[in-house]
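For reference, the structure discussed in these notes is given below.
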Amino acid sequence: MTKKTRVLSGIRATGRLHLGNYLGAVRGMLELQNDPRYETLYCVVDLHATTTPYDPKILKQKTRDVVLDYLSCGIDPKKSHLYIQSELADLIAQLSFYFSTVVTIARMQHLPTFKDKVKQYPEHATMALLNYPVLMAADILIYKASLIPVGIDQEPHLEVAREIARKMNDTYGTDFPEPTRFATKGEYVPSLTGVGKMSKSVPGSFINLTDDLETIKERLSHAPTDSGKGEKIPKEGGVSNLLKLVELFEGEDKRVHYEKLYTSSGIKYSELKQGLAEAIYKELKPIQEKRRELESKPEYVDEVLRQGAEKARKIAESTVNEVKEKMGFK
Ligand code: TRP
């Protein structure tokens, strides 16, 4: 039997997921979980959540919310190992320290993600924030995972993980793989405002996984449109974003159908939005039902997490031991 390719991904413990997380990351995780060529590990990264200001009183709840959303969306504990990062803090933070011996400060300071966060929270340019990508590399390489389903915004972090793998291998003779990104079709989920991408921090931009049909319709009703007719299909803005959402939820044919209308008799946006709202809700309804079911089974969820962490720990321990040996501690 050939060895399965190991897959790892994590979502920050920042509370309930929205449609952007679902399409951008979770759908990719599901695809890989359901393909027997892969062994999948998925986690909630709560250590990473402490690299920007956060409230310790609700961290646990936010972590739990992501766990429940993962399971509601179809992460199947029979196929994937699901765990909370801090349950393995002893091993992951340890490995991240070892990795920091091959990373320069300058390299970390120049990452766009670091610069953005420093701009956002000038009082919080902490060591933990600077170390964010190193910790992420430890998340991945501790399992020698080589395929990572994450959004395109994470590419700079994966580049760091590859550099760390190479440097560790060159310096200490380890055998870390260079992880690559697994791109999902819906990795860029456009904002309902017509500008940029769907984001929790931009009001009116997103749809929640908990939204009912009426709420989805309401949110879509504010999405900007135009006269519905023109010579050229808009490449950006409200209409372009709506067409992208149509493609993601109703398929490419439907998008082409609307594009043809645009250049002929015209699109009736009330109809487009009605159809789109229904298609989105159709996908969300089973997730919402599953979520309610899981909320009533806390012991089951605890057991899933216990088993997930146990499995992850076994692999992680062996990697950390190997690194300690190669680095001369043993
Ligand atoms: N940085 C990722 C994000 O913000 C979260 C993350 C942390 C992650 N560790 C990871 C993603 C390991 C994939 C693999 O989305």
Side-chain angles (χ1 to χ4, degrees), residues 1-12 17 20-45 48 66-85 87-88 91-92 95 133 135-155 157-162 164-166 168-169 174-189 248 283 286-287 290 294 301 303-320 322:
M1 198 182 91
T2 48
K3 235 178 128 205
K4 291 189 178 200
T5 300
R6 210 168 263 158
V7 171
L8 177 119
S9 194
I11 296 180
R12 269 162 46 108
L17 305 184
N21 306 120
Y22 174 66
L23 295 174
V26 180
R27 260 194 187 175
M29 297 183 200
L30 295 174
E31 198 179 323
L32 295 173
Q33 154 189 281
N34 295 325
D35 185 329
R37 286 174 297 169
Y38 302 105
E39 179 186 10
T40 45
L41 292 125
Y42 297 130
C43 60
V44 184
V45 292
H48 279 102
V66 180
V67 168
L68 291 182
D69 278 345
Y70 260 132
L71 292 168
S72 311
C73 289
I75 297 297
D76 179 354
K78 291 198 191 75
K79 296 177 180 163
S80 297
H81 310 299
L82 183 64
Y83 64 94
I84 296 170
Q85 183 191 32
E87 293 286 318
L88 278 81
L91 295 167
I92 297 171
L95 187 65
L135 184 62
M136 179 164 160
D139 278 329
I140 296 169
L141 297 175
I142 206 159
Y143 311 108
K144 300 190 178 171
S146 52
L147 196 60
I148 317 298
V150 278
I152 192 156
D153 59 317
Q154 294 301 307
E155 196 54 74
H157 289 153
L158 286 182
E159 184 57 43
V160 171
R162 287 190 284 273
I164 290 179
R166 280 198 293 276
M168 287 298 293
N169 296 348
T174 47
D175 66 346
F176 289 114
E178 291 186 27
T180 52
R181 196 169 70 87
F182 177 78
T184 3
K185 202 164 156 248
E187 68 181 359
Y188 187 85
V189 184
L248 287 170
E283 186 138 353
I287 298 176
K290 183 86 204 231
L294 287 164
V301 176
E303 182 56 21
V304 164
L305 291 172
R306 199 192 58 72
Q307 286 182 18
E310 188 177 74
K311 173 75 193 182
R313 179 167 286 276
K314 262 203 199 109
I315 310 171
E317 260 169 0
S318 102
T319 305
V320 168
E322 189 187 325

So, does [X] use its side chain to make a donor-acceptor pair with the main chain of [Y] at under 3.5 Å?
X: Thr184; Y: Gly24; result: yes
X: Arg313; Y: Glu87; result: yes
X: Lys144; Y: Pro177; result: no
X: Ser9; Y: Pro149; result: yes
X: Arg181; Y: Val150; result: yes

Item to check | Residues that Glu283 engages under side-chain hydrogen bond (donor to acceptor under 3.5 Å, both in side chains), provided they are two or more places apart | outcome: Tyr22, Arg27
Item to check | side-chain hydrogen bond (donor to acceptor under 3.5 Å, both in side chains) partners of Asp153, counting only residues at least two apart | outcome: none
Closest non-hydrogen atom pair between [X] and [Y], with its separation:
X: Leu30; Y: Cys73; result: CD1-O, 3.2 Å
X: Pro133; Y: Val160; result: CB-CG1, 4.0 Å
X: Gln33; Y: Ser80; result: OE1-OG, 2.9 Å

Checklist entry - Roughly how far apart are Leu141 CG and Thr174 OG1, rounded to 0.5 Å? => result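 One finds 9.0 Å between CG of Leu141 and OG1 of Thr174.
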Item to check | Gap separating the OH atom of Tyr38 from the CD atom of Glu31, nearest 0.5 angstrom | outcome: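 If we round to the nearest 0.5 Å, Tyr38:OH and Glu31:CD are 8.5 Å apart.
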Checklist entry - Do Asp139 and Gln85 have side-chain N/O donor and acceptor atoms under 3.5 Å apart? => result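 The answer is yes; a qualifying pair exists.
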Next on the checklist: Regarding Glu310 and Arg306, does a basic nitrogen lie under 4.0 Å from an acidic carboxylate oxygen?
Outcome noted: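 Answer for the salt bridge query: yes.
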Item to check | Glu39 and its side-chain hydrogen bond (donor to acceptor under 3.5 Å, both in side chains) partner, picked from Lys79, Arg6, Lys3 | outcome: Arg6
Checklist entry - Mind checking whether Tyr143 and Tyr83 have parallel, tilted or perpendicular rings, split at 30° and 60°? => result perpendicular
Next on the checklist: Could you work out, with salt bridge (Lys or Arg N to Asp or Glu O under 4.0 Å) as the rule, every residue matching Arg162, not counting sequence neighbours?
Outcome noted: Glu155, Glu159
Checklist entry - What's the verdict on side-chain contact (heavy atoms from CB on, under 4.5 Å) for Met29 and Ile11, showing C-alpha distance, side-chain angles and the deciding distance? => result CA-CA 11 Å; Met29 297 183 200; Ile11 296 180; 4.0 Å; yes
Checklist entry - Would you say Leu158 and Met136 make side-chain contact, with heavy atoms under 4.5 Å? => result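 The answer is yes; the side chains approach within 4.5 Å.
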Next on the checklist: Do Ile142 and Ile315 make a side-chain contact, defined as non-hydrogen atoms from C-beta onward lying under 4.5 Å apart?
Outcome noted: no
Checklist entry - Please walk me through it: do Ile140 and Phe176 pass side-chain contact (heavy atoms from CB on, under 4.5 Å)? => result CA-CA 10 Å; Ile140 296 169; Phe176 289 114; over 6 Å; no
